[in-house]
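Throughout, protein chains are lettered first and strands after them, A, B, ... in sequence-line order, and every chain is numbered starting at 1.
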Protein chains: 2
Amino acid sequence: MSSTIKDVAKQAGVSVATVSRVLNNLPGYSEETKRRVEQAVEELGYQPNAIARGLVNRRTETIGVLFPSVSSSFSSEILHGIEEVAHKHNYSVIVCNTAEDGKRTMKYLQVLREKRVDGIIYSSGVLEPEYYEAVQAMGVPLVLVATKSDWDDVPFIKVDDRQAAYDAAAYLISQGHREIAMIGGGESDSIAGQPRYEGFRQALRDHGLPLREDHVQDGGFTFEGGCGAAERLLTASPEVTAVFAAGDEMAIAVISVAARLGIAVPDQLAVIGYDNLKLAEMSNPPLTTVAQPLHEMGRMASEKLIEMLATGQPAASEVVPHRVIERQTVKKR
Amino acid sequence: MSSTIKDVAKQAGVSVATVSRVLNNLPGYSEETKRRVEQAVEELGYQPNAIARGLVNRRTETIGVLFPSVSSSFSSEILHGIEEVAHKHNYSVIVCNTAEDGKRTMKYLQVLREKRVDGIIYSSGVLEPEYYEAVQAMGVPLVLVATKSDWDDVPFIKVDDRQAAYDAAAYLISQGHREIAMIGGGESDSIAGQPRYEGFRQALRDHGLPLREDHVQDGGFTFEGGCGAAERLLTASPEVTAVFAAGDEMAIAVISVAARLGIAVPDQLAVIGYDNLKLAEMSNPPLTTVAQPLHEMGRMASEKLIEMLATGQPAASEVVPHRVIERQTVKKR
DNA sequence: TTCATAAAGGTAAACGTTTACGTAAACATT
DNA sequence: AATGTTTACGTAAACGTTTACCTTTATGAA
């Protein structure tokens, strides 16, 4: 069907070695030969077979990327960044949707191993020891994005969650709020849950504000969860004038239930989110939020992985800057 | 580093052929032999090399998926569906972000060819003849999702855009609206642009409503474009009581600018969107929209491609049902 | 006993590259 | 003229599988 390097060699009247040399432009042939080979390639419409190449080179120019949920806006912005730089460096990316399922994740890691990907990016979830070991066993570099781990040979790209949450709360305080609530992702989530609670609490403490435990609710990072949490919060604690939601979807949820309850945002209730997803600017009113540069983080993760591939060296983690984006859901009072 | 089938053969005291047989459970060995091989596999932690396997089988169990924009909510819902069923059938998916760029698309097609993917899914854009030919040349099946083409050997999975737009307009009319505007994606887009304009216009005609060309604006399918279009529309034509936006992001845009202009949705202005992205239910107020089952469409595309891979036969296109989801941006008047 | 048949398993070619190594010619050096 | 060096290639092994084909042994039928 499609032609091979042998066909090209025959057509050009040279050996396959020579064809390979001109294709990879290594030295060792005359201009004339090069011309003939190129012409033969042209005539036959030859495309090298990356599979065969991969077999001998032991590199596939492919990386695997694992997400808990590919369809989330969060993941897809990261994916976009990853794909962008991967493509620039001639790498392809295989996406895997772990659905936060350990069995599934292990299955994916096995597939990625069999397919001999050159490296792996693991996004926004806990890197279980089991996963770590699987990646170790396959002997390819791993980088984490929007998460971190205790293994210091695996670099991560991440915002300082604790500080970001601190800054969100501090921002609310700076705007004159005193009764501040938080909707988080759950204390059990050691990556994106706990640290944000801690930052939030620390900010209140540092500003001499009382810590009311009924003012912190768990929204599980989803819109629906956020709605539930917001409803509990807003009905039980009418005194709160501001809420920090540890994810934009949950922030949007509080705006929604506030609207339903007849509470005006930002006049009666200030809301600040976390992430700065595209939906934040499309929100009504536009959502003030602390931004993580997700696209950029994806790019950096890719960049880092490819660097590790090139140098063979472990690379350093990066804590990327967050910042609060002031839009229209927080008003001075 | 990692062990090969030869190592397993040696360890088990059999030939590689036998190992291969038990691994692929073909007939031709005793129970005892099978046991020994499996034990050797276990002991060595052997994982087959899919690259080598791909070389001889000429199948990589990998499909390539092309999107104009991976980070859009639209694409990522489709991707999620595709990935889901692909994984179920032991296929991996390589994502490609064409950025609606012809050169880039061709580059990706070349890469996918070199990597010998088994099939390709092309999503939501015009399949240029050049692309079609490239895929033909590589001799792998192609399926289209959220788009279509004139080649009848390439199946598509798609909603009836014209009818869906018709239904959106008809719904607005059924709710008592008479001055209805539309924000579309541009007449030049023959897939998602034109047909929706046509359906819209036809609905007005069929219901004896006048067609005012200044009531149809181009929002280019983006939030920003939608904002511009909405602004033009709402300031120049205060008489309109309802707008059909040919994409949810544009619909959200009209809600946003309406809010900015002090126009109440749905009391003074009804809005209906198109797509039913996740953001539609998170909108404030929740967006009434005509739903495309994007996740399901992704699943179907994957299913169809894999079916073609299995049978070697071309498959039929599917027009999937749309439906209007009533939420809170359209009110009877 | 002899022969056919089946079962169990081995050998080696093939898949399409890259690359170490070899070789012949051209050229430079003494 | 003899020798070394460089250039321009070609040959063949290797990468890790699958599989067509062969061989050996056991089994059963005649």
Side-chain angles (χ1 to χ4, degrees), chain A residues 1-38 40-41 44-62 90 110-111 113-118 138-139, chain B residues 1-38 40-41 44-62 90 110-111 113-118 138-139:
Chain A
M1 165 94 227
S2 81
S3 50
T4 74
I5 200 173
K6 270 186 200 155
D7 302 322
V8 175
K10 193 173 300 172
Q11 176 97 351
V14 298
S15 74
V16 295
T18 297
V19 175
S20 179
R21 281 189 274 257
V22 351
L23 256 30
N24 297 292
N25 49 349
L26 301 171
Y29 46 85
S30 67
E31 274 307 308
E32 164 62 8
T33 302
K34 176 176 179 181
R35 230 209 62 254
R36 290 224 312 284
V37 169
E38 282 168 347
V41 165
L44 297 174
Y46 168 74
Q47 301 279 140
N49 182 327
I51 298 301
R53 197 205 301 265
L55 186 58
V56 11
N57 288 338
R58 319 160 92 77
R59 288 184 306 111
T60 53
E61 317 255 87
T62 302
N90 282 306
Q110 187 195 325
V111 170
R113 177 175 193 171
E114 293 191 1
K115 296 233 163 111
R116 296 305 195 259
V117 296
D118 297 335
M138 56 197 289
Chain B
M1 165 91 228
S2 82
S3 51
T4 73
I5 200 174
K6 270 185 202 157
D7 301 323
V8 176
K10 192 172 302 174
Q11 176 98 350
V14 299
S15 74
V16 295
T18 298
V19 175
S20 178
R21 281 189 274 257
V22 351
L23 257 29
N24 298 291
N25 49 346
L26 301 171
Y29 46 84
S30 68
E31 274 306 309
E32 163 61 8
T33 301
K34 175 175 179 181
R35 231 210 62 254
R36 290 224 312 283
V37 169
E38 281 167 347
V41 165
L44 297 173
Y46 169 74
Q47 301 279 141
N49 182 326
I51 298 300
R53 196 205 303 261
L55 186 58
V56 11
N57 288 339
R58 310 153 138 323
R59 286 183 308 107
T60 53
E61 317 256 87
T62 302
N90 281 306
Q110 188 194 325
V111 170
R113 178 175 192 171
E114 292 190 3
K115 296 233 165 110
R116 296 309 195 258
V117 296
D118 296 336
M138 55 198 287

Nearest to side-chain heavy atoms of A/Val16, which nucleotide of D/dA8, C/dC15, D/dA12:
D/dA12
Send over the distance from A/Asn49 CG to D/dC15 C1', rounded to a whole Å.
13 Å
For DNA chain D, whose closest nucleotide is more 5', that of A/Glu31 or that of B/Ile5?
A/Glu31
How close do A/Ala12 and A/Val37 get, heavy atom to heavy atom, and via which atoms?
CB-CA, 4.0 Å
A/Asn24 side chain N/O closer than 4.0 Å to the phosphate oxygens (OP1, OP2) of C/dT18?
yes
Counting distance only, does the side-chain N/O of A/Arg21 pair as donor-acceptor with the main-chain N or O of A/Leu26 below 3.5 Å?
no
Heavy atoms only, 4.0 Å cut-off, all strands: where does B/Pro27 land among base, sugar-phosphate and nothing?
nothing
Ignoring backbone atoms, test whether B/Thr33 places a side-chain nitrogen or oxygen under 4.0 Å from the OP1 or OP2 oxygen of C/dA8.
no
Using a cut-off of less than 4.0 Å, is there contact between a side-chain N or O of B/Arg53 and OP1 or OP2 of D/dT18?
yes
If I compare all heavy atoms of A/Pro48 with all of A/Arg53, which pair ends up nearest, and what's the gap?
CB-NH2, 3.2 Å
B/Lys10 NZ to C/dG9 P, in whole Å, measures 20 Å
Describe the nucleic acid contact of A/Gln47 in one word from base, sugar-phosphate, nothing, applying a heavy-atom distance below 4.0 Å.
sugar-phosphate
Rounded to the Å, how far apart are B/Asp7 CG and D/dC15 P?
11 Å
B/Ser30 or B/Arg58: which one's nearest nucleotide on DNA chain C is closer to the 5' end?
B/Ser30
Taken to the nearest whole Å, CZ/A/Arg59 to C1'/C/dT18 is 11 Å
Only residue of B/Val14, B/Thr33, B/Asp7 satisfying side-chain contact (heavy atoms from CB on, under 4.5 Å) with B/Val19 is B/Val14
Protein-nucleotide distance (B/Lys6, atom NZ; D/dT17, atom C1'), rounded to Å
10 Å
To the nearest Å, how far apart are B/Arg113 CZ and C/dT17 C1'?
16 Å
Expressed as a whole number of angstroms, how long is the span from A/Ile51:CD1 to C/dT17:C1'?
11 Å
Can you work out whether A/Asn57 or B/Leu23 has the more 5'-proximal nearest nucleotide on DNA chain D?
A/Asn57
Looking at A/Glu31 and A/Arg35, is there a salt bridge between them, counting it only when a charged N and a carboxylate O are closer than 4.0 Å?
no
Round to a whole Å and report the spacing from CG of A/Leu44 to P of C/dG16.
14 Å
Please check the phosphate of C/dT18 (OP1 and OP2 only) for any side-chain N or O of A/Ser20 closer than 4.0 Å.
yes
Does A/Arg21 make a side-chain donor-acceptor contact with the base of D/dG10, cut-off 3.5 Å?
yes
Taking the nucleotide of DNA chain C with the nearest heavy atom to each, does B/Ser15 or B/Val56 sit closer to the 5' end?
B/Ser15
